[in-house]
Student: 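Okay, handing you the structure first.
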Amino acid sequence: MAQLIAIAASQAGPAHSFMVAEALRAAAESLGHRIAVSVHSSLGTQGGFSDGELAGAAAAIVAADMAVDRQELLGTASAPVHEVVPGDVLADAERVVRDALARAGTAPANASAVPVPHAPGAAAAPPAAAAPQGPLRIVAITSCPTGVAHTFMAAEALEQGARALGHAIHVETQGSVGAQNTLTAADIAAADLVVIAADTQVNRDRFAGKRLYATGTKAAIHDAAAVFAQARAQAQVWGGAASPAPVAGGAAPAAPAAGAGKRESTGAYKHLMTGVSFMLPFVVAGGLLIALAFALGGIYVYDDAHQGTLGWVLFQVGAKAGFALMLPALAGYIAYSIADRPGIAPGMIGGMLAGTVGAGFLGAIAAGFIAGYSVYWLNRLIRLPRGLDGLKPVLILPLLGAAVVGVLMMMVIGAPMAAVMGALTDWLKGLQTGSAVLLGVILGAMMAFDMGGPVNKAAYVFSTTLIASGVATPMAAAMAAGMTPPLGIALACWLFKSRFTAEEREASKASAVLGLAFITEGAIPFVARDPLRVIPACVLGSAVAGGLSMAWNIGLQAPHGGVFVLAIPNAVNHVVPYAAAILAGTVVTALAVGLFKKKLQAPAAG
């Protein structure tokens, strides 16, 4: 067992610096060594080295792509310094540790295990990533349903992974504020490969004829190098008839599952999340405008007696425009995810009809899938002469798709869906305290279970879509539960310092800010290090927050914003109890983390 010291510093930002530090720590531990890491970022220096660590260091690692203060390395003149960039660590941290020890002439503690791949069945992955046939010019797009955390984390991971492998990359982020770092026509024309890391549907028309590979944001965040290796082998020509060609003289790609140009297999979850991502701005704008209207004119601001006042106008804009477009947007972009642009009009028409017949969000979801798959199959079945083929996307497909979904909604599924939605709404409004608490506990536990994954998003979608039906209590429970994990972990770092490293305690400050903004992903770095203990603690605290929120009948008109929406009049009907529910969940999470996590062991002498 050897002692190492390391400095981690990334110009991409503090979050990336901490990711590099954690990768080094995990790699050293897996190889049977001890390591102390100092993190340098715009937040300052977190962590450091004791005199014993400096004196006993067999090797020093500097993983940085920015200027760092190396004064703290003084006293280790006898230890060789191995310098790498952060991307090298994220691509293969164990190799970095082994190379550093090789400089010092120290063999890895478990040297016999060195050739073993990281995961069973992954033997082919490292060679694919480690032996590229040549550097590639890559363009990429990242996008997630809410367009906040995962969008930019995936972009950062792709950039660093490409740099480590010697590729040139340009990443466009399609987040909540729109597209940033937008790809130009020249960028796309010069690209050898297109990578889309998205949990929502991304328009691919501009990539026609380019080799394209699609995956999710989590895959990019977890192992960007593996994504590039898979993309090199499996990418298909998008929208073109030509067969995929090897890149830079490489071997032929793996046999594709379908012919060229076919969209990769996607499930209902991805289609639903695409609809939700486009629906959220309508819910946010409509809900907050209604809250402001109530603040200005009282709860009866919509009456004719207030007609012409600012409050009445804001209510009309929020309720009659913002909320009215919520269901069409949801259905339209579910259909778009399935059938591309020809599906938008039939989907939106179906969503509008769902609102007209009272089928609510359940009807809109059904309309989106019916419209999307109707247009998708009509497009495959209808064959026209080449001269008339241009009529399909602008005339034939929207016309037939709208007719199919409209007839089904008005004559077949509309009434049953309306009955189900009415029953669900009445049940939620009439919940007794015990049932309401149980619903809040379930929603809360779901929000913390996978922190941005399918279970979390299912609870979130259920809550947001009910706002337009006048049921705002589930949304309050979901947001309180989503804020609790990062806040609770930050509090645990302060209360139970012996359970966390100095770097973790410093990182908890950023986690607290993310929690206040309702970005549950702020807890992910802590969960990744100790999932079996941290996830149950977060689920417990979130369940408490959600249950208390429902028990106190707290309603929230905005689907996002965290504590910052509390300052908006009437956005939350009971502000003080809501803050108490969030605080209670935070405290329970912190106490559970302190109970479940073990104290850190002091470094052994020598």
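FYI, side chains are in, hydrogens and waters are out, and symmetry mates aren't considered; it's all heavy atoms of this structure.
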Student: So, S542 side chain and A445 main chain: donor-acceptor pair closer than 3.5 Å or not?
Tutor: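 No, the answer is negative, given that no donor and acceptor are paired below the 3.5 Å cut-off.
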
Student: Between L136 and R232, is any pair of side-chain heavy atoms under 4.5 Å apart?
Tutor: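 Yes - at least one pair of side-chain heavy atoms lies under 4.5 Å apart.
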
Student: If we only count heavy atoms from C-beta on, is the Q236 to Y213 side-chain gap below 4.5 Å?
Tutor: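 A side-chain contact is absent here, since even the closest heavy-atom pair is not under 4.5 Å.
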
Student: Checking L487 against T589 for the side chain to side chain contact (heavy atoms under 4.5 Å, CB included) test, could you report, in this order, the C-alpha distance in whole Å, the side-chain angles of both residues, the deciding distance, and whether it holds?
Tutor: CA-CA 8 Å; L487 290 174; T589 299; over 6 Å; no

Student: Just checking, any donor-acceptor pair under 3.5 angstrom between side chains of S30 and E94?
Tutor: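 The criterion, which ignores hydrogens and geometry beyond distance, is satisfied for E94 and S30.
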
Student: Can a donor-acceptor pair be found, under 3.5 Å and without considering hydrogens, that links the side chain of R533 to the backbone of K597?
Tutor: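 Pair absent, no side-chain N/O of R533 close to backbone of K597.
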
Student: Does any N or O in the side chain of S549 come within less than 3.5 Å of the main-chain N or O of G546, such that one atom is a donor and the other an acceptor?
Tutor: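 No, S549 side chain to G546 backbone: no donor-acceptor pair under 3.5 Å.
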
Student: So, taking the atom named CD in E83 and the one named CG in D65, what distance separates them when rounded to the nearest 0.5 Å?
Tutor: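 Result: 12.0 Å between the selected atoms.
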
Student: For A140 and L183, which heavy atoms make the closest approach, and how far apart are they?
Tutor: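 Between these two residues, the closest heavy atoms are O-CD1, 4.0 Å.
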
Student: At what distance, to the nearest 0.5 angstrom, does CG of L165 lie from CZ of F228?
Tutor: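 If we round to the nearest 0.5 Å, L165:CG and F228:CZ are 7.0 Å apart.
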
Student: Testing the basics here: between A157 and A220, what is the closest heavy-atom pair and its distance to 0.1 Å?
Tutor: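 That would be CB-O, 3.4 Å.
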
Student: Counting only N and O atoms by type, is there a donor-acceptor contact under 3.5 Å from the side chain of R137 to the main-chain atoms of A190?
Tutor: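 Such a contact is found between R137 side chain and A190 backbone.
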
Student: State, yes or no, whether a side-chain contact exists between L101 and L4 at a heavy-atom distance under 4.5 Å.
Tutor: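 Of all side-chain heavy-atom pairs linking L4 with L101, at least one is under 4.5 Å.
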
Student: Within the structure provided, determine whether K599 and R499 are in side-chain contact (heavy-atom separation under 4.5 Å).
Tutor: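 They are in contact (side-chain heavy atoms under 4.5 Å apart), so the answer is yes.
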
Student: Decide yes or no for T520 and Y460: does some side-chain heavy atom of the first lie under 4.5 Å from some side-chain heavy atom of the second?
Tutor: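 No, too far: nothing below the 4.5 Å cut-off.
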
Student: Does the side chain of L591 come within less than 4.5 Å of F496's, by heavy atoms?
Tutor: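 In short, these two side chains touch, coming nearer than 4.5 Å.
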
Student: Short question: side chain of T586, backbone of I582 - any donor-acceptor pair under 3.5 Å?
Tutor: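 A pair under 3.5 Å: yes.
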
Student: Look only at the side chain of Y578 and the backbone of A476, and say whether a donor-acceptor pair between them is shorter than 3.5 Å.
Tutor: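 Yes, Y578 side chain to A476 backbone: donor-acceptor pair under 3.5 Å.
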
Student: Do other residues, nucleotides or ligands put more than 12 heavy atoms under 6.0 Å from the CZ atom of F596?
Tutor: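 Yes.
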
Student: Kindly give the heavy-atom pair with the smallest separation between A191 and K210, and that separation in Å.
Tutor: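 Where A191 meets K210 most closely, the heavy atoms are O-NZ, 2.7 Å.
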
Student: Check A219 against V227 and note the closest heavy-atom contact, atom names and distance.
Tutor: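 For A219 and V227, the tightest heavy-atom pair comes out as O-CG2, 3.6 Å.
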
Student: Before giving the answer on side chain to side chain contact (heavy atoms under 4.5 Å, CB included), spell out for V194 and W238 the whole-Å C-alpha distance, their side-chain angles and the decisive distance to 0.1 Å.
Tutor: CA-CA 9 Å; V194 179; W238 177 254; over 6 Å; no

Student: How long is the gap from CG on L158 to OG1 on T173, to the nearest 0.5 Å?
Tutor: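 L158 atom CG to T173 atom OG1 measures 11.5 Å (nearest 0.5 Å).
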
Student: Is a donor on one side and an acceptor on the other found under 3.5 Å between the side chain of S143 and the backbone of Q174?
Tutor: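 A pair under 3.5 Å: yes.
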
Student: Using the rule given for side chain to side chain contact (heavy atoms under 4.5 Å, CB included), can you reason through M153 versus T217, listing the C-alpha separation, both sets of side-chain angles and the distance that settles it, and then say yes or no?
Tutor: CA-CA 8 Å; M153 291 168 66; T217 56; over 6 Å; no

Student: CD1 of I35 to CD1 of I61: how many Å apart, nearest 0.5 Å?
Tutor: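 The CD1 atom of I35 sits 4.5 Å away from the CD1 atom of I61.
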
Student: On a heavy-atom basis, which atom in T182 and which in D187 lie closest, and how many Å separate them?
Tutor: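 Of all heavy-atom pairs spanning T182 and D187, the closest is O-OD2, 4.4 Å.
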
Student: Give a yes or no answer on whether the side chain of S508 reaches the backbone of S511 with a donor-acceptor pair at less than 3.5 Å.
Tutor: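 The answer is no, because no donor-acceptor pair under 3.5 Å joins these two groups.
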
Student: Could you tell me if the side chain of E172 sits less than 4.5 Å from the side chain of V139, heavy atoms only?
Tutor: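 No - every pair of side-chain heavy atoms lies 4.5 Å or more apart.
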
Student: Which heavy atom in R206 sits nearest to a heavy atom in I141, and how many Å separate them?
Tutor: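 Closest heavy-atom pair between R206 and I141: NH2-CD1, 3.3 Å.
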
Student: Measure the spacing between CG of L491 and OG1 of T484 and express it to the nearest 0.5 Å.
Tutor: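 Separation between the atoms: 11.0 Å.
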
Student: Specify whether F500 and F526 have parallel, tilted or perpendicular ring planes, treating 30° as the upper limit for parallel and 60° as the lower limit for perpendicular.
Tutor: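 Perpendicular, since the angle between the ring planes exceeds 60°.
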
Student: For residues V20 and Q160, determine if any side-chain heavy atom of one lies less than 4.5 Å from a side-chain heavy atom of the other.
Tutor: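 Heavy-atom side-chain distance check fails, nothing below 4.5 Å.
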
Student: Give, for atom CZ of R204 and atom CG of L212, the distance between the pair rounded to the nearest 0.5 Å.
Tutor: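 Between R204 CZ and L212 CG, I get 5.5 Å after rounding to 0.5 Å.
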
Student: Could you check L193 against H167 for side chain to side chain contact (heavy atoms under 4.5 Å, CB included), going step by step and ending with a plain yes or no?
Tutor: CA-CA 11 Å; L193 182 66; H167 303 316; over 6 Å; no

